Peer 1: 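Below are the C-alpha cells for one structure; questions will follow.
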Amino acid sequence: MLKLIIGNRRFSSWSMRSWVLLRQLGLEFEAEQVPYPRQDWAAAVAAVHPAGTVPVLVADSLAVGDTLAIAETLAELFPDAGVWPADRILRARARSLCAEMHASFGAIRDECPFDVFRSGEPRPLSARGAAQLLRVDAILSAADAQEGFLCGRFCAADAFYIPLALRVLQYGLAVSAGAHAYIERIAALPAVREWIAEAGRERDWPPVAPGGIRPYHRALVCAEDALRLARHWVGCWNARRLESVLDLFSEEAVFLSPKAEILLGRARVEGKAALRAYWTTALEQIGQLEFKLDTADWDAASSTVVVIYEANLAGKRSRAAERWVLDPAGRIRYGEAYYGAAA
Ligand SMILES: N[C@@H](CCC(=O)N[C@@H](CS)C(=O)NCC(=O)O)C(=O)O
C-alpha cells in the first residue's frame with residue numbers, strides 16, 4: 001500500500017498537492033501525518049526522507065520526496081491513472097505548468113501563506129506579487145472550456161495550482177471572471193472538499209467552505225487568529241450583541257474585572273449565566289459603549305490572547321486591555337479586564 005507523509009492540512013500546501021492528486025485520481029493510499037507543532041518535526045520528516053520536507057511518497061522500499069518527483073513516480077506506477085494527459089501536447093503543457101508552479105510565484109506565496117481557514121479578508125499584494133497574480137490569472141482562466149481543467153481532464157497540473165487558486169479566496173485577491181470560474185470548480189472537487197473537511201477535524205475546527213466565514217470556536221494557532229478574534233469581539237460589543245460575546249466564552253468561564261467590583265461588589269464573575277446577568281445590567285447602566293481595537297497578540301505556550309484597545313464607556317475614554325486564556329476548543333475559560341490611563 002502506498003503511503004503519503006503529509007504535514008498539517010491547514011497549512012501544508014505542498015502536501016495538499018500530492019494528496020489531492022492521489023485522491024482525485026482514485027489511487028489507493030494511506031496518509032500519515034507529521035503534525036505541527038512538534039519539537040522533533042524536522043527530525044521525524046528527515047527520518048523518512050533526508051530533504052526534510054513534506055510530502056513524501058513511500059512505496060515499498062522507495063521514499064520519494066518533492067511533489068514533482070512524486071507526480072512522476074505515480075505516473076510510472078500507474079500509467080493509466082491520468083497523472084499526465086495522454087495527449088503529447090497537453091502532457092508537455094501540464095509538465096511545464098507544474099514546473100512553473102514549483103519554481104515561481106514566490107511573492108504571492110510569501111505574502112499570502114496558505115491557510116485553509118482564512119476568511120477572504122483582502123490583503124494588498126506588493127508590485128511583484130501583483131505581477132505574479134496576472135500570470136496566475138492567465139493560467140487559470142485558460143482552463144479548458146469544455147472539460148473545465150487546465151490541460152483537458154483533471155491531472156497533476158490542476159493539483160499543483162489548487163493551493164494557489166484557494167489563496168485567491170483566502171486573501172480576497174482580485175482575478176478575472178474566467179479565473180474565478182476555474183477556482184470555484186476546483187474548490188468544489190470532492191478531494192479538495194475532503195481535504196478541507198479533514199483540516200477542520202485535525203484541531204476540532206468546524207468544517208468551512210473555502211472563502212467562507214471563519215468560525216471563531218476553535219483553537220488559535222497564530223497572531224493573525226488572535227487579531228481576528230479580537231476584531232470579532234470588538235464588533236460584537238459595539239453592536240451590543242451580548243449573546244455573540246458570550247458565545248466566545250465557555251460555560252464555566254471565570255471573568256475578573258474592576259468594573260464588576262463596582263457594579264456587583266465583587267470582581268470575580270463565575271459561569272456564563274452570571275456573566276450574562278452582569279453584562280446585561282452593565283449595558284443598561286452604561287448607555288454609551290464604544291471599543292476601538294489597538295492590537296492583539298497570542299502566546300501559543302499558554303493559549304493566551306492579549307487584546308489592547310480603547311474603551312469609551314458612558315463617554316469616559318480609557319486605555320484598556322483584556323487577557324483571555326482559551327480552552328482546547330478555542331473558547332475563553334478565563335478572562336481578565338484591565339483599565340489604564342485616560343485616552
Ligand atoms: N519542493 C518541495 C517543497 C516542499 C515543502 O517546502 N514543504 C513544506 C510544507 S508545505 C515543508 O516541508 N516545510 C518544512 C521545511 O521546509 O522545513 C515539494 O515540491 O514537495
Side-chain angles (χ1 to χ4, degrees), residues 2-25 27 29-59 62-77 83-84 94-118 129 132 136 139 150-151 155-171 186 191-192 194-196 198-200 202-203 205 210 221-222 224-225 300:
L2 286 181
K3 196 195 274 183
L4 189 70
I5 313 292
I6 59 171
N8 274 84
R9 285 176 176 83
R10 178 176 177 185
F11 299 114
S12 187
S13 58
W14 289 106
S15 301
M16 184 181 192
R17 291 176 171 95
S18 296
W19 190 96
V20 168
L21 179 62
L22 278 152
R23 183 59 106 229
Q24 192 63 27
L25 293 178
L27 300 172
F29 72 106
E30 64 184 40
E32 187 179 307
Q33 189 177 57
V34 184
Y36 299 112
R38 182 176 148 173
Q39 286 249 302
D40 62 343
W41 190 90
V45 175
V48 187
H49 190 282
T53 58
V54 285
V56 178
L57 180 75
V58 182
L62 277 181
V64 185
D66 196 288
T67 47
L68 268 183
I70 290 172
E72 292 298 356
T73 305
L74 291 175
E76 208 176 281
L77 291 172
V83 173
W84 301 118
R95 282 206 164 102
S96 165
L97 283 176
C98 285
E100 184 175 357
M101 176 64 245
H102 207 252
S104 317
F105 311 122
I108 301 179
R109 281 151 61 187
D110 287 351
E111 292 165 28
C112 304
F114 185 75
D115 180 351
V116 161
F117 292 102
R118 205 171 185 280
Q132 291 176 358
V136 173
I139 293 170
L150 295 181
C151 305
C155 74
D158 300 287
F160 269 64
Y161 280 83
I162 285 168
L164 210 46
L166 294 183
R167 277 175 167 97
V168 168
L169 302 180
Q170 292 163 1
Y171 289 89
I186 222 76
V192 172
E194 192 183 336
W195 176 272
I196 291 169
E198 287 195 17
E202 270 168 15
R203 302 281 296 252
W205 297 327
V221 293
C222 62
E224 200 180 349
D225 288 338

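Everything quoted here is computed from the prediction, not taken from an experiment. In listed order, ligands and their atoms are each counted from 1.
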Peer 1: Please report whether ligand 1 has a polar contact with S12, defined as an N or O pair separated by less than 3.5 Å (distance criterion only).
Peer 2: no
Peer 1: With heavy atoms only and a cut-off of under 4.0 Å, state how R17 meets ligand 1: side chain, backbone, both or neither.
Peer 2: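 Neither part.
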Peer 1: Does H102, backbone or side chain, put an N or O under 3.5 Å from an N or O of ligand 1?
Peer 2: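 Looking only at distances, the answer is yes, because the N/O contact criterion of under 3.5 Å is met.
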Peer 1: Taking V192's backbone N and O only, do any of them form a donor-acceptor pair with R23's side chain (distance below 3.5 Å, no angle check)?
Peer 2: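 Not at all, since once roles are kept as given, no pair shorter than 3.5 Å links the two residues.
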Peer 1: Would you say CD of E30 has more than 12 non-hydrogen atoms from neighbouring residues, nucleotides or ligands within 6.0 angstrom?
Peer 2: yes
Peer 1: Take every heavy atom of G7, measure it against each atom of ligand 1, and state whether any distance is under 4.0 Å.
Peer 2: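 Per 4.0 Å heavy-atom rule, G7 does not contact ligand 1.
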Peer 1: Short list, please: which atoms of ligand 1 are under 4.0 Å from a heavy atom of P55?
Peer 2: 20 (O)
Peer 1: State, with a plain yes or no, whether a side-chain heavy atom of I70 is found less than 4.5 Å away from one of P55.
Peer 2: yes
Peer 1: Judged by atom type as modelled, is there a donor-acceptor pair below 3.5 Å linking the side chain of T73 to the main-chain atoms of A69?
Peer 2: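 Yes, because the side chain of T73 sits within donor-acceptor range (under 3.5 Å) of the backbone of A69.
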Peer 1: Just distances here: any N/O of T53 and N/O of ligand 1 closer than 3.5 Å?
Peer 2: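 No: no nitrogen or oxygen of T53 is under 3.5 Å from one in ligand 1.
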Peer 1: Got an N/O contact under 3.5 Å between L68 and ligand 1?
Peer 2: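 There is no such contact.
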Peer 1: What distance do E111 atom CD and R167 atom CZ have between them, rounded to the nearest 0.5 Å?
Peer 2: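 The CZ atom of R167 is 11.0 Å from CD of E111, to the nearest 0.5 Å.
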Peer 1: Taking only Lys NZ, Arg NE, NH1 and NH2, and the carboxylate oxygens of Asp or Glu, determine whether R9 and E194 approach each other closer than 4.0 Å.
Peer 2: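 A salt bridge is absent here (no side-chain N lies under 4.0 Å from a carboxylate O).
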